[in-house]
Amino acid sequence: MNRTVQILTGIWVAGVTVAAFLWLPPAEGFRSPEAARIVVFHVPCAMLTFVAFLVNAVYSWKYLRSRDPLTDSKANAAAELGMLFAILATVTGSLFAMEQWGSAWNWDPRETSIVMLMLVYAAYFVLRGAVEEKSKRARLSAAYALLAFPAMVFLIWILPRIVESLHPTNTLFSRSGLDPKYRITLWSFFAGLLAVFVWMFRLRLRVEIAEARLRRQHRRDTMPEATPAGETR
Amino acid sequence: MKWQIVLRRVGKVFDERTVLRDISATITAPGAWVISGPNGSGKSTLLRIIAGLLTPTEGEVLYLYNGERLTARQQRQAVGMVAPDMALYRPLTALENLRFFARARGLSLRDSELLEWLEKVQLRPRAHDPVATFSTGMVQRLKLLTALLHRPPVLLLDEPGSNLDEAGARFIYQTVKEHAGHGIVVIATNDTRELGYGEPLIQLGA
Amino acid sequence: MNRSSSWAHEAIAVFAKDWLLELRTRVALGAVVLFAVTSVVASGFALAPPSGVPAEVKAALLWVVIFFAAVAGLSRVFVVEEETRTADALRLAVSSTGVFAGKLAFNAVLMWTLCAITVPLYLLLLEAPLRNASLLVIVVLLGSTALACATTAVGAIVAKATMRGALFGVLSFPVALPPLLVVIHATKAAWLSDNAWRVAAGDLQVLSGFMLVIVPASVLVFEHIWSE
Amino acid sequence: MNPLLTYMIVPLLIWAGIFGYLFWLDMRLRALEKRLEEEGHR
């Protein structure tokens, strides 16, 4: 992403943040209307966690088809960002829950599903740490991601059947919910975060590529010593 | 010239370490061929690639029958392999091991037939003993048997004679000669005795 | 010579071979059953007298015990092949789908055996309020099968990595959680509700649906896990 | 806690998380590029 796009992204998210304070009215009907406005920040974070999970699954699938190491790096980068946004969504969600329901954690279906996503990401990173050889690591972690994906879709689908939800189901998409200003702010913030996501994703990949180049250079430098003459019989 | 294995510019890289580079060869039935080279030169890796156990990073291995490419399943059925890294099920008896490999490959062989096979390698008296109790030579003969059970046209042997006594080595030699009469044998070795079992195919450097 | 072997024949051969090996060594069975019995007895001690414990807690505890006992044994089928270096011979003889189906069947039977021992013992020691026995049998059967379906491919992943023991639990928990939650819900219904069948019917459908999704997904990725 | 204060903490937290991550990535990238440069000359 070039400089101008980065600056525009920065201005956009800063603008949305300011608007969330000055333009967005307090949410009537909640226990503390001022604080309930948290949703415009919290919900986009949760949405991006799912976006990252989806991106991770797509690149995992692509990796198994192509066996291209860069595709594996992309899957890994998406998982890392997913973890970051999952943490942000959980923390902002608990702050909201504290204001609204008086306790930071309620085992609400959405809370549970975001924690499960964090667990999947954590398991994914543990698996990556447990395999030494790079192509094998890429293969196994891609396979795991593709197993966890349908399981998570199922979990998110079945949880509301089992546990009562505190979250409203369709205020986001229905016209008769909150003030339309909420929808505008929330989606604008989501768009801004998505741009930031792409930015972080590309930076993460550049780190990965630089690391690979460094390893290759090392390899070349140490190649002659790698095969001691005494080993041949 | 019915059976052919074609190696087309095969290469293998583990992480950034190149194990094999740009290997091409055509193996035609009948005959025995030898892949030689010092330890760590990639003989086993190459043989595993030929067997289809390992996917090469570069190039490809083609199995041809009358010029037609085989499917993955046909290729699996066409290969028998013996390697130090391919163990048998040690808690199971010799007969049970044979029974499993016969059934897994879809062969309908009765026990009496399997016992005849065991007779051929002088293991019939030990048919009902667990493989764990076998000596190295006996295990090697049984491994060879499981590799030949489905009468594959292609036999791949990785260091077949290592740790074997004179009699064991002679048995390997006979099997190779017999199989090379109608099919393909590929031997990976750096044992001076075994180098003469077939024509040199590929010489790998360190 | 008959060479028309399909993956189903291969699966049967692998299944039979694995049970023969298991009966001879009893590694997986021993680990699983010992773990389950120990934890059921320990829970019985901890919760005594069990009459005061709500059924929700008992249902959850039962499946937690079963899940962790399963973790002790379900990855064995693949780990053993890698450890004893028999995996390559298997790879050459059998298609990856055949291997997966055989191992899945093995794990399912292992889970049934585990449940056949654990559930009666649990009911006896923790005094679960059993209302609907036939439903409970179906719930346990379907639930244990679903757990086997969820974790078999994970076992294959773990067999290829280091630190296998710890890894299997970590990796299988997220994948096994959906069937676990549903089966706890259904078990509670079988114990408590008067119209248990109506309450549990949805759960049983979800369990079957889960298997119908996770098994094809596993078959699809297993090929990439199994062959190098 | 004051509701407005809670509301103000939230975006701060999000930006802290995101910029922290970006900053960390940028530092790693710079370090790597420097090492690449140095070893390229050797």
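Lettering follows sequence order; numbering is per chain, from 1. Predicted model, so just to flag it, every value in this text is computed and none were measured.
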For [X] against [Y], the heavy-atom pair lying closest together:
X      : Y      : answer
C:V206 : A:F154 : O-CE2, 3.6 Å
A:P150 : C:V213 : CB-CG1, 3.7 Å
A:A151 : C:P174 : CB-O, 4.2 Å
C:I225 : A:A143 : CG1-CB, 3.5 Å

How long is the gap from CG on A:L155 to CZ on C:F210, to the nearest 0.5 Å? 9.5 Å
Once rounded to the nearest 0.5 Å, what's the spacing between atom CG of C:L171 and atom CG of A:L147? 10.0 Å
Between A:V131, A:L140, A:L119, which has the largest tally of heavy atom pairs under 4.5 Å with chain C?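 Counting heavy-atom pairs under 4.5 Å, the top option is A:L140.
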Enumerate, including both backbone and side-chain atoms, all donor-acceptor pairs under 3.5 Å from chain A to chain C.
unit_1, atom_1, unit_2, atom_2, d
A:R67, NH2, C:H224, ND1, 2.7
A:A130, O, C:T162, N, 3.1
A:A130, O, C:T162, OG1, 2.6
A:R139, NH1, C:H224, O, 2.6
A:R139, NH1, C:I225, O, 3.4
A:R139, NH1, C:S227, O, 3.2
A:Y144, OH, C:L171, O, 2.7

Among C:A217, C:A176, C:A150, C:G209, who wins on heavy-atom pairs under 4.5 Å with chain A?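 Max contact count across the listed options: C:G209.
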Just one of C:I157, C:V170, C:V158 clears the side-chain contact (heavy atoms from CB on, under 4.5 Å) bar with A:L127, so which one? C:I157
A:F190, CZ: over 12 other non-hydrogen atoms inside 6.0 angstrom: yes
Under 4.5 Å heavy-atom distance to chain A, tell me which part of C:L220 shows up: side chain, backbone, both or neither.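 Just its side chain gets close to chain A.
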